[in-house]
Every structure is written in C-alpha cells, then in structure tokens.
Amino acid sequence: MQMRPDLQIKSVIKAMNDVVLPAVDPQNKLAQEQIRLCMGLLGLMARQLPLQFRFDCEELARLSAYSAELQRIAAGGDETGAALAALKDKTQSANATLERAKSSPHDIEQAVRSLREATGSLVSSVFRDGDSAVQDRVQRATLAMSKEQLLRDRAWVITQGWEPDPKSVPPIEQLLGIADAT
Amino acid sequence: MPAIDKNRPSPEWIAALRKRFPSEKEIDRVLTRKMERRAGPGYSPMPLTTLIEGTESLIRSQFGGKCQLSDARWLSGGASKLQMAFVLDWDRPGKGREKTPMVLRMEPAESIVETSRLREFQLIKAFEGTVPVPPVFWCDSEGKHLPYPALVYGFAEGVTKPSAGHSGVTGLGTHLPPDFRGKLAPQFVDCLAKIHTFDYRKADLSAFEIPEANSTQCAEWGVNWWTRVWEEDADEEVPLMRLAEAWLRRHMPVMDKAVTVHADYRLGNFLFTEHDARISAWLDWELGRIGDRHQDLAWTTTRAFGHLAEDGKTFLTCGLMPEAEFLDAYEKATGFKIDTKAVHWYKVYNDYMMATLLFATGYRIANGGKTHQDVLITWLMGIGNTLLEEMRTLIEEAP
C-alpha cells in the first residue's frame, strides 16, 4: 500500500502552492484567504495523522488514571453511587481497550513492510535456486495471496473509477469485516 | 525493502545495479544519470522566461540564422513531461521566412518514466515521411541549454478525441463515434504495419541497439530494464512483482525478427483532423525501441484501452475495431504471423512495466517532490492495483 494519506496530502499541498494559489485572482480576497486556510488545514492533518493514535491512547490512559482517582475520592448519595458504578464499568472497558492497543498503526505498517520484503525476497530466491515443483507451489501461494490482497487494494481506491466492472469489487467495509458495511 | 537509502544512492550501489541488469547503453545512461542526480533538489516552479531563454540558447546553438521566439505559454496534458507552446519567427530551411508554432517538451527533475530525449528525437525523425509524425527540430539531450533534457517539435494539427467527446486523464476512456471509427481503423492498422516493417538500418538510430534475432535477448533486456527501475525506485516490496519477474525470465519468448516498436501505440496517442478523420501525427515515442512486434500488439490490445461497441457485446481494440479483425488486418498488412504466446508474455511484461512506473517510480518522485504535477502522479498510482490484478490473472491463465 503506497497510496497512503500522507503522500496524498503532500501532493495536494504542493499542487495548491505551486500551481493553484498563483492562479487565484489576487483581488478575490475570500478565495485567497480560503485557499490558504485549506493548505493550512491540510498541513495540520499531515502532521496529526501519524500522531493521532498515540494522542488518543495517551488521553485514554490519562482519563483512566483520573477515573481511578475519582473512584477513590468520590462519595455521596444514591445519585453519586450510581454514577460511580457506571464509571467503574466504563473504566474497566476502557482499560481493556487500552490493553489491546499495545501496537500502534505505525507498528503494524512497519510489520507489513517487513513481511512484504521478507516474502518477496524468498520468492526471488526460490526461483533462483529452488526446484520446479517448489517454484510451482510458491507461484500458486503467491497468486492466491495476491488475489485477496489486490481485491482489497482495488476496493480501497474504487471511487477513482479505474475498475472496468466496479460491481465485481465488494465494498471495502465488507472486505475488512466491518459490521455496518452498506 | 533493504536498508539502502534510495534517495541518496551510493556510487557503489548504482554500479552494482548497472552490472546486475545489463540493458541498452542509452537506457543505462539515462537511468544512471537519474540515480546520480537523485539526491539533488526537487522540482520548483520555474518562470516561462527561464524556458524561453533556454530554448533560444538551444536554437541558437543548432540553427545559425536569425530567429524570434514569441507567444510562449504553458501546455497541460501528459503525466511525464513539461510542455511550453511558442511561435518561432525564422528562416526555415527550404521554406523561407515563416512563423512556426512549436512545442518545447522538457523533463522535470525526475519523470514517472525516465527516457532518452535523444532516442525520442531520432525515432520521430526516422519516421518523417513514413507515418504522420510532428516535425521535430532540436534536441537538448543533456540539458545543456535548458534546466533539464528537452526537445523542440512542431505543433501538429488535430485532436486526440472528437471535440464533442470527453475522456479521462492521459486520454483513457475515449469513445469514438462509429463514423470516425470506420475511417480511423484502417489507418491505425496501416501505420502500425509501416512502423513494424520500417527499415531501421537505413535511419540514424544510433541511440538504439538491435537485439539478436532468434534469441531471447530482446525480452531479457526488457525485463532487466524494468527490474532495475523497480530496484532503484520501489519503497515497499510487492511479492507479486518478484513472482512476475521470475515468471517473465522463465518464459522469455524468442524474437524471430527485430522491428521498430512504438511501445505506446493506442487511441489517445495520435492526432487526427476532425473534418476528414485523417491521422495527422503519432505522438509519445519516448518508450520506443527496436524489438519484438508482439510488444506493440500486446499493448494495443490491452482491455483498458478499448471498450464495448454499441451492441454491448463486441469489444473494440482501442475503441476502433474488434480484436480479431485488428489482428487479421495486421497480419495481412505486414505479412508477419502473430504468436499468441508471445503476445501473452508481452501483456504480462507491459503490466510489469506499468506497475513499476506507478508503484515504484510514481511513489518515489511524488514523495520527493520531483515533478511539476506530483498530484497527478499520486492520483495515477490508484490504477496500479487494477493492473497488478490483470497481471496476476495473466500469469495464472498463461498458456
């Protein structure tokens, strides 16, 4: 997956800065202001995207600690008791989520790149010094894995309109197993 | 990918790639030049005056007479080169004083397809009088006068699609009305036949090498070329690309006869005049080589360049004629037989090349800010998945 949002945002900002902005009518102050705001927001997105997951995890850890402190110090009547019970439930759920979030999107991306490199290298090696029966098996395994991955890669950019028969490609949400796929 | 800094390649690594992937000398020169300059700056917008001054310098160095350049303006179109239109007031040899509309075609800092301006210049020059081509005037193959290598050619009359029609970027998705098809299709076959039967030994094609007939050298040079580019540019490995390289090497076809190959022969790459539907110029010769005719046949019959006819059933090659009709007419016009296994191999080869350009070079140059239209390059990367799936299916269904 090379067509990631960071590259897309970078390219859009460069096009707006180098080509579009110089062509905007200097007398159209609203357009001048808004194109600069668009570029500014895109720049902010580019900076935030790789940090977003860490930012959210860190906030969740802080809220969890805060919740533990509140549970320790808070006391009151029935209403407070009910609120404490609800807070305890939600904190347990949040802590479980935080526990599962030990690997970041960056970690996953790096692991993907690492396995792509190692599997690609093995394929090349087998075709250099493996026997033909092994080569045939590796070919079948590579074609099968690639078929599934490419289906998702194509669904990922389906709105660009490259597919000759877009109906043959299921929605990306369905392929990723997201429950509320439409 | 291994821990090699491809944005700052070492001389040792460049030398190792050159040795590992032997190809034609001019291809090697262009790719080596690309790698030696990679660590340099990205593309910065330049004023038209820079191009005007460089063009004037180029023309002065190769044309002695007095001339005046005017009406310079940017042209859009194409994903790989910058283009500036202008008018040259000059004493044109053999024609006298005239104001000639011309186009400067120049590379950016790095192009999605790194090719030789000298080869493009020689090929177009060679075909003047054989098939319609734009007149080509001067070449700055090393970028001595302009910021980057460039060539100057004449403005050719015509359109790539009917004025009333529409198409996507790079001319894909063009639909021609039946009356245009009927007139253009025979010319389309005739021009390809003329290119493939052209006596290249009589032309100045010094930047080209001729692969040995009755051997797999042509196929091997091609696989080496694009595998070298993959190694130079790819940021992220794709196991299917490694399998494709191995498959291509395992099944290389023997080339029976070397011919000139256009390498991008399709609808969208020729101009025609609308009033009489005559092809007026064949464009985009930059990937041309002396090689195997099946490369062009595989490319031209690519599904992505065609569409269904009005009956909803008949698939039209390049939107012009049914594939069987096209291939039959080609065989009659050239006297050459078509080897369907070689066509199949070149279809895999063409997808391999395109996937390399989109996923390896496209990513590398857009991320490095190396072109005048990184946003278009990024957009085009999306089609790479569809091409990879086509390549995967072709390998799976290989005869």
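Per chain, numbering begins at 1; letters A, B, ... match sequence-line order.
- Taking CE of Met241(B) as the reference point, atom OG of Ser146(A) lies at 11.0 Å (rounded to 0.5 Å).
- The candidate with the highest count of non-hydrogen atom pairs below 4.5 Å against chain B, out of Leu7(A), Leu151(A), Thr142(A), Asp18(A), is Leu7(A).
- Side-chain contact check for Trp379(B) versus Val157(A): every heavy-atom pair is 4.5 Å or farther apart.
- Of the inter-residue distances, the one linking Phe359(B) atom CZ with Met3(A) atom CE reads 9.0 Å to the nearest 0.5 angstrom.
- Counting non-hydrogen atoms of neighbouring residues, nucleotides and ligands closer than 6.0 angstrom, the OH atom of Tyr66(A) reaches no more than 12 such neighbours.
- Using a 4.5 Å heavy-atom threshold, the side chains of Gln139(A) and Ile395(B) count as touching.
- Residue-environment remark: CG (Asp25(A)) exceeds the threshold of 12 foreign heavy atoms within 6.0 Å.
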Evaluate side chain to side chain contact (heavy atoms under 4.5 Å, CB included) for Leu240(B) paired with Leu150(A), printing each intermediate quantity in order. CA-CA 10 Å; Leu240(B) 182 62; Leu150(A) 283 169; 3.8 Å; yes

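- In this structure, chain B has heavy atoms under 4.5 Å from both the backbone and the side chain of Ser132(A).
- The most heavy-atom pairs under 4.5 Å with chain A, out of Pro239(B), Gly362(B), Ala366(B), come from Pro239(B).
- In this structure, Glu397(B) CD and Leu143(A) CG are separated by 10.5 Å, a value rounded to the nearest 0.5 Å.
- Here the CG-CZ distance, from Asn385(B) to Arg154(A), works out to 8.5 Å after rounding to the nearest 0.5 Å.
- Only the side chain of Val123(A) has a heavy atom closer than 4.5 Å to any heavy atom of chain B.
- For CZ of Arg4(A), the number of neighbouring non-hydrogen atoms (other residues, nucleotides, ligands) closer than 6.0 Å is greater than 12.
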One pair to check against side chain to side chain contact (heavy atoms under 4.5 Å, CB included): Arg113(A) and Asp235(B). What are the steps and the verdict? CA-CA 9 Å; Arg113(A) 289 170 64 88; Asp235(B) 172 66; 2.7 Å; yes

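- With chain B as partner, the option from Gln135(A), Lys147(A), Met145(A), Gln8(A) having the largest number of non-hydrogen pairs under 4.5 angstrom is Lys147(A).
- To the nearest 0.5 Å, atom OG of residue Ser124(A) and atom CD of residue Glu237(B) are 7.0 Å apart.
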With side chain to side chain contact (heavy atoms under 4.5 Å, CB included) as the test, would you mind laying out the steps for Val375(B) and Met16(A) before giving the verdict? CA-CA 9 Å; Val375(B) 71; Met16(A) 291 175 87; over 6 Å; no

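- One distance of note links NZ of Lys14(A) with NE2 of His372(B); it measures 9.5 Å at 0.5 Å rounding.
- By the 6.0 Å contact criterion, CH2 on Trp13(B) is enclosed, its count of non-hydrogen atoms from other residues, nucleotides or ligands being greater than 12.
- Near-neighbour residues of residues 40-53 of chain A relative to chain B, defined by a heavy atom under 4.5 Å from a heavy atom of that chain, are none.
- Of the two parts of Arg250(B), only the side chain, counted from C-beta on, holds a non-hydrogen atom closer than 4.5 Å to a non-hydrogen atom of chain A.
- Residue Glu79(A) places its CD atom among 12 or fewer non-hydrogen atoms of other residues, nucleotides or ligands, all under 6.0 Å distant.
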